[in-house]
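Order of listing sets the numbers, starting from 1, for every ligand and every atom in it. For clarity, every value in this text was computed on a predicted model and none was experimentally measured.
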Amino acid sequence: MLVLGIETSCDETSAAVLADGRRVLSNVVASQADLHARWGGVVPEMASRKHVERVLPVIWQAMDEAGCSLNGIGGIAVTNRPGLIGALLVGVSAAKALGYALRRPTVGVHHLEGHLAALRLACPDAPYPMACLLASGGHTELLYVTSDGAPRSLGRTRDDAAGECFDKCARLLDLPYPGGPHIERLAREGDPRAVAFPRARMENPAEFSFSGLKTAVARFVAADGGATAVADVAASLQEAIVDVLVSRTVTAALSWGCRAVAITGGVAANRALAARLHAAAEAAGLTCATPPVALCTDNAAMVAAAGWKRLSAGDDDMPYLDAFASEAFATAVA
Ligand code: KG4
Ligand code: ZN
């Protein structure tokens, strides 16, 4: 079955065609990063309007690149929660219109379920159970993932997400939005030991806290007055984030008897993080699964992959499919 995936939860308009739940025939992503850069973050109303302009051209391009017609589509999967409500509604409305017109089943997908599906899509042979770090702009959580059951939460951030910390610190360093890729680029030239930024210790080693690090960077930048090279600050900041993410993911895997560690979500696009996790996993005798960059940041192939299972089981959310700004994801392990 061919599944059309649609993703518009934040500032990426994306459409993809997936065959048999595992072959990505196309995965078109139109980023709005340039549009929001001057505001230092996503402006929800502007994001919705841009999605309205782009959603159909992006879908047509995905069909073109996959070499298939709308009639060949067996089902539609769309991110319907959580996210910016106006942005979500654009994708959901497009999916419902196509679902009605083509008389095809159409299902809503939780955005984080999509990020987990990206991992399964990219690393189908990774062994379970695994400790998976899901780190994006709005979310940082360690999950206990099995081959079939629902993911269980081992711990999440108490305050800022790792991506948010990258973005806000990048702003303090006068770098454009989104800051993560800029920090990574600069960090390649910098000394990660130049500035000793703090790592928050937590009672539950599967939890995180990044607000103190953000404050430490703000204080450092104000006191330093530009004396330290930006590349050194970026490298030290990245080191502080990567250090905590990698060590807690490996610790969680070992204490929960996992066979593998994994990362997914926008922050997983950071190749320094992926390389460090691979090295730490190898030292601990664990398999390591890290998706390629294109499947880490928001994209519709992951949404199609998440929806595929339900669609192939005959599920259909029509006609009541709706969008929701927030919804919990994994339940906590007792
Ligand atoms: O998953 P995603 O694309 O959107 C959300 O669901 O939030 O994640 C976006 C986040 C942003 O905070 C962005 O700065 C971060 O992922 N990010 C990175 C990198 N690429 C994207 N963070 C660090 N290094 C990167 N290379
Ligand atoms: Zn995301």
At a 4.0 Å threshold, what atoms of ligand 1 neighbour a non-hydrogen atom of G163?
12 (O)
Run the numbers for me: atoms of ligand 1, each under 4.0 Å from some heavy atom of G138, listed by number.
7 (O)
Is there a nitrogen or oxygen of F166 sitting under 3.5 Å from a nitrogen or oxygen of ligand 1?
no
Out of G266, S136, A161, whose heavy atom is nearest to atom 20 (N) of ligand 1?
G266
Return the option from P82, C10, G137, A118 holding the heavy atom at the smallest distance from atom 7 (O) of ligand 1.
G137
Just need the protein heavy atom nearest to atom 26 (N) of ligand 1, so name the residue and atom and give the distance.
E184 OE1, 2.7 Å
H115 heavy atoms, cut-off 4.0 Å: which ligand 1 atoms fall inside?
1 (O), 6 (O)
Electrostatic pair R81-D322, nearest N-O below 4.0 angstrom
no
Atom 24 (N) of ligand 1: which protein heavy atom is closest, and how many Å away?
N270 ND2, 3.1 Å
Can E239 and R276 be counted as an ion pair, charged N to O under 4.0 angstrom?
yes
Distance check, rounded to the nearest 0.5 Å: L2 atom CG versus W308 atom CH2?
12.0 Å
After noting the C-alpha distance and the side-chain angles of L277 and V250, does the key distance pass the side-chain contact (heavy atoms from CB on, under 4.5 Å) rule?
CA-CA 8 Å; L277 190 64; V250 171; 4.2 Å; yes
Counting heavy atoms under 4.0 Å, the part of H111 that contacts ligand 1 is side chain
Hey, are the side chains of V107 and L321 touching, using non-hydrogen atoms and a 4.5 Å cut-off?
no
Any ion pair linking R49 and E45 (charged N to carboxylate O, less than 4.0 Å)?
yes
Counting only heavy atoms, which portion of R271 has something under 4.0 Å from ligand 1: side chain, backbone, both, or neither?
neither
Starting from the Zn ion (ligand 2), look over the N/O/S atoms of D298 and name the nearest one.
OD1
Just say parallel, tilted or perpendicular for the rings of H139 and F329, cut-offs at 30° and 60°.
perpendicular
For the Zn ion (ligand 2), what is the closest N, O or S atom on H115?
NE2
For ligand 1, note which part of D167 has a heavy atom under 4.0 Å away: side chain, backbone, both or neither.
side chain
Give me the nearest non-hydrogen protein atom to atom 3 (O) of ligand 1 as residue plus atom name, then the distance to 0.1 Å.
D298 N, 3.1 Å
For the residue pair F210 and F208, categorise the inter-ring angle as parallel (less than 30°), tilted (30 to 60°) or perpendicular (more than 60°).
parallel
Which residue, L89, V42, V43, T8, forms the side chain to side chain contact (heavy atoms under 4.5 Å, CB included) with L84?
V42
Which of the atoms in ligand 1, numbered in the order shown and given with their element, are less than 4.0 Å from a heavy-atom of A269?
20 (N), 26 (N)
Please tell me if the side chains of M1 and L311 come closer than 4.5 Å, counting only heavy atoms from C-beta onward.
yes
Which single N/O/S atom of H111 lies at minimum distance from the Zn ion (ligand 2)?
NE2
Would you say the side-chain atoms of S9 and E7 include a donor-acceptor pair closer than 3.5 Å?
yes
Quick test: of every protein heavy atom, which one is nearest to atom 22 (N) of ligand 1, and how far off is it to 0.1 Å?
G180 CA, 3.4 Å
